[in-house]
Enquirer: 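Here you go, one structure.
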Amino acid sequence: TITDQNNSEYKIKIQGQVQREVLRVIFRNPENTYSEWNLSDISEILGGNDVDETSVKNAIYQFNKKVKLKIPEVDNLFELTKYSARINPKYINKK
């Protein structure tokens, strides 16, 4: 569930086990949620050989697309590079 600045809630359906596990890793510890995540670190946490960096990147990319479809004004909830991902700072409200 994502809440916008007007306190409207949007439920984003998670697709597949890899996407679920990647998001679980990112959001499980609030202190690290807003950090920049190295895709290889996420891959390692998820078992390395079973979930490679490309799978992690694709899971985040697809989640970005799902968020955009549900909330059109949100462009790239996650900033994604070739090697890392982080929540886009313009969408963070740390109350």
Side-chain angles (χ1 to χ4, degrees):
T1 302
I2 296 175
T3 306
D4 69 11
Q5 66 272 17
N6 301 318
N7 286 329
S8 297
E9 287 190 356
Y10 300 89
K11 290 191 183 289
I12 310 298
K13 202 159 186 73
I14 295 172
Q15 184 176 338
Q17 188 66 25
V18 173
Q19 193 172 79
R20 174 177 282 106
E21 292 303 312
V22 168
L23 293 171
R24 182 185 59 78
V25 167
I26 292 172
F27 288 106
R28 76 175 165 202
N29 184 344
E31 291 176 14
N32 297 332
T33 296
Y34 303 107
S35 303
E36 185 167 5
W37 286 85
N38 189 309
L39 300 179
S40 64
D41 290 345
I42 296 172
S43 171
E44 224 172 88
I45 291 168
L46 296 177
N49 295 334
D50 297 333
V51 182
D52 63 9
E53 290 175 45
T54 302
S55 298
V56 171
K57 187 174 184 178
N58 286 339
I60 294 170
Y61 174 80
Q62 292 300 324
F63 188 74
N64 268 347
K65 285 176 57 175
K66 292 180 90 156
V67 170
K68 177 73 174 163
L69 284 172
K70 195 80 160 177
I71 316 169
E73 59 273 9
V74 175
D75 286 316
N76 297 320
L77 177 64
F78 284 92
E79 291 180 334
L80 190 57
T81 71
K82 189 173 182 178
Y83 302 105
S84 68
R86 72 177 182 150
I87 297 178
N88 192 326
K90 72 181 181 181
Y91 301 121
I92 297 173
N93 182 2
K94 295 185 195 177
K95 283 186 176 181

Enquirer: Main chain of Glu9, side chain of Thr3: is a donor-acceptor contact present, judged purely on distance under 3.5 Å?
Expert: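 No.
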Enquirer: If I compare all heavy atoms of Lys70 with all of Lys11, which pair ends up nearest, and what's the gap?
Expert: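 Heavy atoms of Lys70 and Lys11 come nearest at CE-O, 3.2 Å.
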Enquirer: Quick check on the hydrophobic clustering: are Val25 and Ile2 connected, directly or via other members, by side-chain heavy-atom contacts under 4.5 Å?
Expert: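 Yes, Val25 connects to Ile2 through the hydrophobic network.
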Enquirer: About how many Å separate CG of Asn88 and CG of Leu80, when rounded to the nearest 0.5 Å?
Expert: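 These two atoms lie 11.5 Å from each other.
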Enquirer: Within this structure, what is the CG-CZ distance for the pair Asn32 and Arg86, rounded to the nearest 0.5 Å?
Expert: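 Atom-to-atom, Asn32:CG and Arg86:CZ are 14.5 Å apart.
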Enquirer: At what distance, to the nearest 0.5 angstrom, does CG of Leu77 lie from CD1 of Ile71?
Expert: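 Here the rounded value is 8.0 Å.
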Enquirer: Quick check: closest heavy atoms across Ile26 and Phe78, and the distance to 0.1 Å?
Expert: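 Nearest heavy atoms, Ile26 then Phe78: CD1-CE2, 3.9 Å.
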Enquirer: Using modelled atom types and a 3.5 Å cut-off, is there a donor and acceptor pairing between side-chain atoms of Tyr34 and backbone atoms of Pro89?
Expert: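 Judged by distance alone, no pair lies under 3.5 Å.
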Enquirer: Counting only heavy atoms from other residues, nucleotides and ligands, does the tally under 6.0 Å from NZ of Lys68 exceed 12?
Expert: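 It does: Lys68 NZ has more than 12 such atoms within range.
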Enquirer: Show the nearest heavy-atom pair for residues Leu46 and Glu21, with the distance to one decimal.
Expert: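 Smallest heavy-atom distance, with atoms named: CD2-CB, 3.6 Å.
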Enquirer: Is Gln17 atom CD crowded by more than 12 heavy atoms from other residues, nucleotides or ligands, each under 6.0 Å away?
Expert: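 Counting other residues, nucleotides and ligands, CD of Gln17 exceeds 12 neighbours.
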Enquirer: Checking Gln19 side chain against Ala59 main chain: does a donor-acceptor pair fall under 3.5 Å?
Expert: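 A pair under 3.5 Å: yes.
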Enquirer: Same hydrophobic cluster for Leu23 and Tyr10, using side-chain heavy-atom links shorter than 4.5 Å among ILVMFWY?
Expert: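 Yes, same cluster.
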Enquirer: If you measure from CG on Asn38 to CD on Glu53, what distance do you get to the nearest 0.5 Å?
Expert: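 Atom-to-atom, Asn38:CG and Glu53:CD are 6.5 Å apart.
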Enquirer: May I ask you to check whether over 12 heavy atoms, not counting those of Phe27, lie within 6.0 Å of atom CZ?
Expert: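 Enclosed.
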Enquirer: Counting distance only, does the side-chain N/O of Lys57 pair as donor-acceptor with the main-chain N or O of Leu39 below 3.5 Å?
Expert: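 Checking the backbone N and O of Leu39 against the side chain of Lys57, no donor-acceptor pair under 3.5 Å is found.
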Enquirer: Is a side-chain donor or acceptor of Asn6 paired with a backbone partner of Ser8 at a separation under 3.5 angstrom?
Expert: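 Not at all, since once roles are kept as given, no pair shorter than 3.5 Å links the two residues.
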Enquirer: Hey, is the main chain of Ile87 close enough, under 3.5 Å, to the side chain of Trp37 for a donor-acceptor pair?
Expert: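 No, because the side chain of Trp37 does not come within donor-acceptor range (under 3.5 Å) of the backbone of Ile87.
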Enquirer: Within a radius of less than 6.0 Å around OH of Tyr61, do more than 12 heavy atoms belonging to other residues, nucleotides or ligands occur?
Expert: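 Counting other residues, nucleotides and ligands, OH of Tyr61 stays at 12 neighbours or fewer.
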Enquirer: Has the side chain of Asp52 got a donor or acceptor atom that lies under 3.5 Å from a matching backbone atom of Ser55?
Expert: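 Looks like yes, one N/O pair under 3.5 Å.
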Enquirer: Rounded to the nearest 0.5 Å, how far apart are NZ of Lys90 and CG of Asp75?
Expert: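 Here the rounded value is 6.0 Å.
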Enquirer: Any chance you could measure Gln15, atom CD, to Gln62, atom CD, to the nearest 0.5 Å?
Expert: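 Atom-to-atom, Gln15:CD and Gln62:CD are 7.0 Å apart.
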Enquirer: What is the minimum heavy-atom distance between Phe63 and Ile12, and which atoms define it?
Expert: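 Between these two residues, the closest heavy atoms are CE1-CG2, 3.5 Å.
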Enquirer: Applying side-chain contact (heavy atoms from CB on, under 4.5 Å), name anything that partners Asn58, two or more places apart in sequence or on another chain.
Expert: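 For Asn58 the side-chain contact (heavy atoms from CB on, under 4.5 Å) partners, ignoring immediate neighbours, are Thr54.
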Enquirer: Please identify each residue that fulfils side chain to side chain donor-acceptor pair (under 3.5 Å) with Ser84, with sequence neighbours left out.
Expert: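 So Ser84 forms a side chain to side chain donor-acceptor pair (under 3.5 Å) with Glu36, Thr81.
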